[in-house]
Enquirer: 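One structure coming up, written as structure tokens, with questions to follow.
A, B, ... follow the sequence lines: proteins, then strands. Residue 1 opens every chain.
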Amino acid sequence: MAEVTTAEASEEAHATSLGLSNEKLAMWTLLGSECLFFGALISAYLIYYTNYNGQPEISPALFDIPFTSVSTFVLLMSSLGMVLALSAIQRGDDRGFRIWILATAIMGSVFLSGQIYEFTVFVNEGMRLDTSPFTSSFYVMTGFHGIHVTVGVLMLITLWARSMTGKLTSEHSDVVENIGLYWHFVDIVWIVIFTAVYLVPYEQVGA
Amino acid sequence: MSDADDLEHADHPDSSQYIVIGIILAVFTAIEVAISFAAVPGEIAVPALIILTVLKFLLVVMWFMHLRFDSGWFRRLFVFGLGVALAIYAATISLMLYAGAATQA
Amino acid sequence: MITASRSEAAGHRSAARRRWAAWTVLLGLLMAGCGTRELPQSALNPAGPVARAQDELWDLVFWIAVGVFILVQGLILFAVFRFRDRGGDEIPKQVAGNTKLELMWTIIPALILVGIAVPTVQTIFELAQEPGEEALDVRVIGKQYWWGFEYLDEDQQGVITANELHIPTGRPVFLRMQALSATQPDPGFDAAPEIGQGVSNGVIHSFWVPRLAGKQDVVPGHTRTLTIQADEPGLYPGQCAEFCGLSHARMRFDVIAHEPAEFDQWIADQAEPAEAAEDGLAAEGEELFQSQQCIACHAIDGYEAAAGTAAEVRIGPNLTHFASRRTFAGGVFDVNDEAQLKAWLANPQAVKAGSQMPNLGLTDDQIDALTAYLYTLE
Amino acid sequence: MNAVPAESPRSSLKILQRPKAETGLWSWITTTDHKKIGVMYFLATMVFFVIAGVEALLLRIQLAVPENDFLSPDVYNQLYTMHGITMVFFVGIPLGASFFNYIMPLQIGARDVAFPRLNAFSFWVFCAAGIFMYSGVLLGGLPNGGWFNYAPLSTTVGPDVSGYTVGGGSAELGTQVHMGRMLLYSIGLQIAGIATLASAINFIVTILNLRAPGMTLMRMPIFVWMTLVVAFLLLFAIPVIGIALWQLMFDVRFGANFFNPAAGGDPVLWQHMFWLFGHPEVYILILPAFGIISEIIPTFSRKPIFGYTAMVFAGVAIGFLGWGVWAHHMFAVGMGPVANTAFALTTMFIAVPTGVKIFNWIGTMWGGKLRLTTAMLFAVGAVAMFTIGGLSGVTHSVVPSNYQQTDSYYVVAHFHYVLFGGLVFGALGGVYYWYPKVTGRLMNETLGRTNFWTLMLGFNLTFGLMHFVGLWGMPRRIDTYAAGFGWDLLNLIITVGAFIIAGSVLLLIINMASSLRRGQIAGDDPWDARTIEWMTSSPPAHYNFKEVPQISARDELWHRKHAVSEQGDYVRVPAGGAGTVVIHDPDTDIHMPDPSFYPALAAVGMPIMGWALFTSGTGMIVLLAVGCVITVGALFAWAFEPMAEEGH
């Protein structure tokens, strides 16, 4: 593989053995690792989702699927916004980039607000972190995902701000691409969580 | 092991393709929600939901994250992590649920 | 540019002698180890079929390991002595590998391991089999930091003891083990604290009587099983083998094997309720036992306490036949050592860290009376 | 990670001026040089090694005689727990990291790692984790549930549920003390995990992407291969324990029910999660030593490594199989015969690639010309001692006999043969081998040999005898034992052995310290070695190589020093053959990353967020916010700080 890079190129810091960017390689490595983070959380949920600690009324029956479907849809569409933003900045279309990156950040924020609202409703119905293994694993899993979304939104807003002050141009599209990878990953984790937690007819398989 | 063919920023899809993918994702999600509401028996609903989820997952990873177009190294790194996660957690879940679970006499 | 020192051959030779001396000492100890068959808690000294099956596998693997050990260390030593740099300019042959050799030392170890795997798997399944009807059924309770034993067979119900498990020889004993909260009453075997029933807030212990069987962890929320059996009458000490807190080291017990007839007699004795103390100091102690908090945790069959009947008062060990036992407080103190018993009653945590028995602030007179009473519980 | 190159070095977010110091304290705190970071990792590791060693000595004094009361049970439990945690997380992992940091970039011909500031960040976060962990000395005690910290002893119950002993009769105080200690464990290890994960990603990218031209994967030294395998193991193992610790933290601090059987949780889940991480961790600890041994033995045998490809694949196979054996730590838990059989078989199978490595090392020595320097003695000693640990490992895989061995001193003996006999001996070989490269001076060989033989003696006395007490029925983690079980004399000898080890470690420290000034000047290539780190000066300049070498073979340096004669034999090329021609003026032509304050600053916020959980209400929120602002602020500033100032 190293043969593709020339000897003189290796003198430059950015030329690499694989011909790939360090940052992007690191991002994919991190995402490989993140699979194990979320895998552990989802596994704990799958092990405990029928375990109600003697309070069967606090169960997945509380989930408001229409509501969550809407916020899931918003998060899914934010991924579309992200690719459109990337494609805009790669074309050098700064205005398009700003529109789409801001839209993505807003959609992410809508999802987060939905999650906070959902948590509030649940807590009011008596579903607390310490109610049962089911609730513990639900909150810790979705909360951990929520933290990831928050970090993503912060990065997106930063990108938008940098672009507004003219400090982010098509030269830096690789930064946008890497943050985009992170954003899409957070989205695919939710695709899995949405099915595993909300959609699977637990009352049929739960027995 | 030559990666001369792994060129970065290979042909990425253009915006119209992204929008098509976005629409497909939305439709799949709608089908999923419909299945969940339409009281489909579990033995059909669960496999259907899993298949749709996997398809959505692949669409995002392959197109939005460009794994289909990018260097094989990215794919290897991600699939490696994903594979290890699937294997060990599947084993853990089955051990937790079936091996030495409450052996109440 | 070679600047590293390369000679000092004399130093090497004396170093080698030291190495040999070290190995000789180790080998001597190994011999001593094999000869020490009278060790009371040694896994190499099995006294029943379960431990023997485990020990036979150990012997097989141990000797294979010794063989491999001698081979590998021999090769290393040979290489070190034979291929030492003795000067000269010639460059050793640059051998990059040898496929045949490498295949050989991949395949041969794999075959040896298959040879070990076969009896291993057989024994795993043999030991996992539950014994038949003839087995004695005993429930084992693990609490911080003592063991309780409850006899479950129909004609033996109500026999409960602590820190010593009496068994008949020549008969399998089927143990059903539960880890329970140290501070809550034991709900009884059938109200079995499975995961999620709110009462099993104990910690993990591990039941280990090396001469009778290997370990079985006792996990809160699960009922674990183990079969043990003793060939000969005798005392087989055991110990908790999973870290369980401050007094993990002081969570011991004994298995005492009797001839069957003797065992039946023991059961009959234990089934008797306690008798009221006649008079004097012991009667005073009995009074104290019931008026102080003792009775709230320790059942004595034949008495009722405010907290409930003897069958319900199950936080601490059942003391109905306290004086008939060898040890108390997790098998670490001698029942017949009066001074120790008094020290224990005066301040349990001073003699056993983390003990759940509270310090009741008893006076010396009260302790004397309680001691006298406890010794009447035979 | 995604540094946006700023146009102006005076961006508005720039609170601190770019550090300039090249010597002195600040040059170390702000450095981004992988070599300086490697040295700091090593020194920090030595500090923790001494701390954990002293803890071990205290434990051994307590166990020297039966019924001893030198340590109270509470102190004993804290010490044995911290001995394990420190040795695994603050000695084993960073010791590997120190070698990876210093040696790996040199061996692949890189100027630095891929992310120099992330590297500094890893180190400072690791230090922050250590400080946080040991802050328990001032905060009511250190973790005391064992390094494995099994629930529910670690969560809802605690070792002193009524607080009679620790809380002085107050269950409330007892619970509070317990919670604090468990928070130290869970958060301390999570912080350490962040450091480890960051450096794992860094090493993977460095090895994949920054190799010198011509350095294909199959030309990389075995040490670099083992670095890669370890980095992948860390990459996948750290998240598992990270989530388990995260859940433990919620159980302990916020009343969640992951592992609480009273509320429906299952304590066995913790065991699975812990060992899912814990077993790969064993290979994380030992594979760096395998890599080091694979560098030392060829050099001092004057032969290439025997079966390079097999060595690489055996290492990769060990890494892979390491994921399928975790439940062999849980044979006595009661998983049932089917699960136990499955894990017994995978465990036995892992002995095969391990055996391949051992035989290949012997094959490397076979027919060579062995120079028994101290480094070589340690490497060969490590092979010999690791073999014993490997064999006792096979005895563990035999499940029925494992029921007797598990949780006894036999296991303690086993893993010390693996980790002390393998890792420590191997790493000390590495210290003697690379010390001249790092400092420019050789270590004293006479002291070194004494160091080796005393360590060999003390080590075998200590851990060899533990096999016997274990088989004779002595459980682990007991703070005292009664006389009459036949353990007394052996325990006394074991304690004597432990002090011999301590004396030997003292010799090592003396040797390292005194050789720094008085050691013989080493030169570039004192051992007549084979790999390219020996082509540059000792110590290397901050840019490593004046000219990055073009690689055309494994053992590149050896091939540069030798030519093939007409008879087909290798003959030595006269001195100077290895010389490189300087084309560039390194001081102006090679761009190296500048130092930075932010990595160290970002680390400062993390323990503050951890300590926040010791408080509650407003205090907790304020502390959390302060820690968060420091860390996130430093990360932002770092992201907008260019890798190197313009015009440098």
Enquirer: If you count heavy-atom pairs under 4.5 Å between each of D:Phe349, D:Phe331, D:Tyr410 and chain C, which one has the most?
Expert: D:Tyr410
Enquirer: Between the side chain of C:Glu102 and the main-chain N/O of D:Phe306, is any donor-acceptor distance below 3.5 Å?
Expert: no
Enquirer: Out of C:Pro109, C:Ala51, C:Ala350, C:Ala117, which one racks up the most heavy-atom pairs below 4.5 Å with chain D?
Expert: C:Ala117
Enquirer: Checking D:Tyr481 against chain C: side chain, backbone, both or neither under 4.5 Å from a heavy atom?
Expert: neither
Enquirer: Need one label for D:Leu471: side chain, backbone, both or neither, based on atoms under 4.5 Å from any heavy atom in chain C.
Expert: both
Enquirer: Relative to chain D, which of C:Ala53, C:Gly238, C:Pro119, C:Ala96 shows the most heavy atom pairs under 4.5 Å?
Expert: C:Ala96
Enquirer: Under the criterion side-chain contact (heavy atoms from CB on, under 4.5 Å), I'd like the reasoning laid out for C:Phe69 against D:Ile388: C-alpha separation, chi angles, the key distance, then a yes or no.
Expert: CA-CA 7 Å; C:Phe69 172 83; D:Ile388 300 175; 3.5 Å; yes
Enquirer: OG1/D:Thr341 to CD/C:Gln122 distance, rounded to the nearest 0.5 angstrom?
Expert: 11.0 Å
Enquirer: Hey, could you give me the CD/CH2 distance between C:Gln41 and D:Trp487, rounded to the nearest 0.5 Å?
Expert: 4.5 Å
Enquirer: Under 4.5 Å, counting heavy-atom pairs only, tell me which of D:Val161, D:Asp74, D:Val394 racks up the most with chain C.
Expert: D:Val161
Enquirer: Is the backbone N or O of D:Ser408 less than 3.5 Å from a side-chain atom of C:Lys215, with the two atoms forming a donor-acceptor pair by type?
Expert: no
Enquirer: Closest heavy-atom contact between D:Ser162 and C:Gln356?
Expert: OG-OE1, 2.5 Å
Enquirer: With a 4.5 angstrom heavy-atom cut-off, which part of D:Thr387 approaches chain C: side chain, backbone, both or neither?
Expert: side chain
Enquirer: Is it the side chain or the backbone of C:Met251 that comes within 4.5 Å of chain D heavy atoms, both, or neither?
Expert: neither
Enquirer: Of all of D:Gly470, D:Ser401, D:Pro337, which one pairs up most often with chain C through heavy atoms under 4.5 Å apart?
Expert: D:Pro337
Enquirer: Please find the pair of heavy atoms, one from C:Ala65 and one from D:Leu391, that lie closest to each other, and give the distance.
Expert: O-CD1, 3.5 Å
Enquirer: Under a 3.5 Å distance rule, please check whether D:Gln404 uses its side chain to pair with a backbone N or O of C:Pro210 as donor and acceptor.
Expert: yes
Enquirer: So for D:Pro304, is it side chain, backbone, both, or neither that comes closer than 4.5 Å to the heavy atoms of chain C?
Expert: both
Enquirer: Report which part of D:Phe259 has an atom under 4.5 Å of a heavy atom belonging to chain C: side chain, backbone, both, or neither.
Expert: neither
Enquirer: D:Arg476 versus chain C, heavy atoms under 4.5 Å apart: side chain, backbone, both or neither?
Expert: backbone
Enquirer: Could you tell me which portion of D:Asn77 (side chain, backbone, both or neither) has an atom closer than 4.5 angstrom to a non-hydrogen atom of chain C?
Expert: side chain
Enquirer: Please state whether the side chain, the backbone, both or neither of C:Leu101 comes within less than 4.5 Å of a heavy atom of chain D.
Expert: side chain
Enquirer: Report yes if the side chains of C:Gln94 and D:Asp555 come closer than 4.5 Å at any heavy-atom pair, otherwise no.
Expert: no
Enquirer: What part of C:Ser206 gets within 4.5 angstrom of chain D, counting heavy atoms only: side chain, backbone, both, or neither?
Expert: neither
Enquirer: How far does SG of C:Cys240 sit from CZ of D:Arg477, to the nearest 0.5 angstrom?
Expert: 11.0 Å
Enquirer: Nearest 0.5 angstrom please: C:Phe243 CZ to D:Asp479 CG, how far?
Expert: 8.5 Å
Enquirer: With a 4.5 Å cut-off on side-chain heavy atoms, are D:Trp366 and C:Leu75 touching?
Expert: yes
Enquirer: Side chain, backbone, both or neither: which part of C:Val114 has an atom under 4.5 Å from a heavy atom of chain D?
Expert: neither
Enquirer: Non-hydrogen atoms of chain D under 4.5 Å away: do they reach the side chain of C:Glu56, the backbone, both or neither?
Expert: neither
Enquirer: Looking at CD1 of D:Ile362 and CZ of C:Phe78, how far apart are the two atoms once the value is rounded to the nearest 0.5 Å?
Expert: 12.0 Å
Enquirer: Between C:Arg82 and chain D, which part of the residue has a heavy atom less than 4.5 Å away: side chain, backbone, both or neither?
Expert: neither
Enquirer: Heavy-atom cut-off 4.5 Å, strictly under: side chain, backbone, both or neither for D:Gln271 against chain C?
Expert: side chain
Enquirer: At a 4.5 Å cut-off on heavy atoms, which part of D:Leu153 comes close to chain C: side chain, backbone, both, or neither?
Expert: both
Enquirer: Determine yes or no for a side-chain-to-main-chain donor-acceptor pair under 3.5 angstrom, with D:Arg302 supplying the side chain and C:Ile91 the backbone.
Expert: no
Enquirer: Can you tell me how far CG of D:Asp160 sits from CD of C:Gln349, rounded to the nearest 0.5 angstrom?
Expert: 7.5 Å
Enquirer: Mind ranking D:Thr165, D:Leu370, D:Val338 by heavy-atom pairs under 4.5 Å with chain C and telling me who comes out on top?
Expert: D:Leu370
Enquirer: Could you tell me which of D:Gly486, D:Gly368, D:Ala351 has the largest number of non-hydrogen atom pairs under 4.5 Å with chain C?
Expert: D:Gly368
Enquirer: Do we see a donor-acceptor contact under 3.5 Å between the side chains of D:Trp472 and C:Asn45?
Expert: no
Enquirer: Dump the intermediate steps for side-chain contact (heavy atoms from CB on, under 4.5 Å) on C:Trp58 and D:Thr395, then the final yes or no.
Expert: CA-CA 7 Å; C:Trp58 158 260; D:Thr395 68; 4.0 Å; yes
Enquirer: Hey, mind stepping through D:Asp266 and C:His222 against side-chain contact (heavy atoms from CB on, under 4.5 Å) and telling me if it holds?
Expert: CA-CA 9 Å; D:Asp266 194 334; C:His222 299 277; 3.1 Å; yes
Enquirer: With a 4.5 angstrom heavy-atom cut-off, could you sort out which part of C:Leu127 is near chain D: side chain, backbone, both or neither?
Expert: side chain
Enquirer: Taking side chain as everything from C-beta outward and backbone as N, CA, C, O, which of these in D:Ala151 sits under 4.5 Å from a heavy atom of chain C? Side chain, backbone, both or neither.
Expert: backbone
Enquirer: Quick check: closest heavy atoms across C:Ser355 and D:Tyr164, and the distance to 0.1 Å?
Expert: O-CD1, 3.3 Å
Enquirer: Relative to chain C, which segment of D:Trp361 carries a heavy atom at a distance below 4.5 Å: side chain, backbone, both, or neither?
Expert: neither
Enquirer: For chain C, which of D:Asn360, D:Ile305, D:Asn340, D:Asn257 has the most heavy-atom pairs under 4.5 Å?
Expert: D:Asn360
Enquirer: For side-chain contact (heavy atoms from CB on, under 4.5 Å), just list the numbers for D:Leu345 and C:Val121, CA-CA rounded to whole Å, side-chain angles, deciding distance to a tenth of an Å, and then say yes or no.
Expert: CA-CA 9 Å; D:Leu345 296 180; C:Val121 175; 4.3 Å; yes
Enquirer: Is it true that a side-chain atom of D:Lys303 and a backbone atom of C:Pro92 form a donor plus acceptor pair closer than 3.5 Å?
Expert: no
Enquirer: What part of D:Ser397 gets closer than 4.5 Å to chain C, counting heavy atoms only: side chain, backbone, both or neither?
Expert: backbone
Enquirer: Relative to chain C, which segment of D:Ser301 carries a heavy atom at a distance below 4.5 Å: side chain, backbone, both, or neither?
Expert: backbone
Enquirer: Heavy-atom distances under 4.5 Å only: say whether C:Ala128 touches chain D with side chain, backbone, both or neither.
Expert: side chain
Enquirer: Using non-hydrogen atoms and a 4.5 Å limit, figure out which bit of D:Tyr76 sits close to chain C: side chain, backbone, both or neither.
Expert: neither
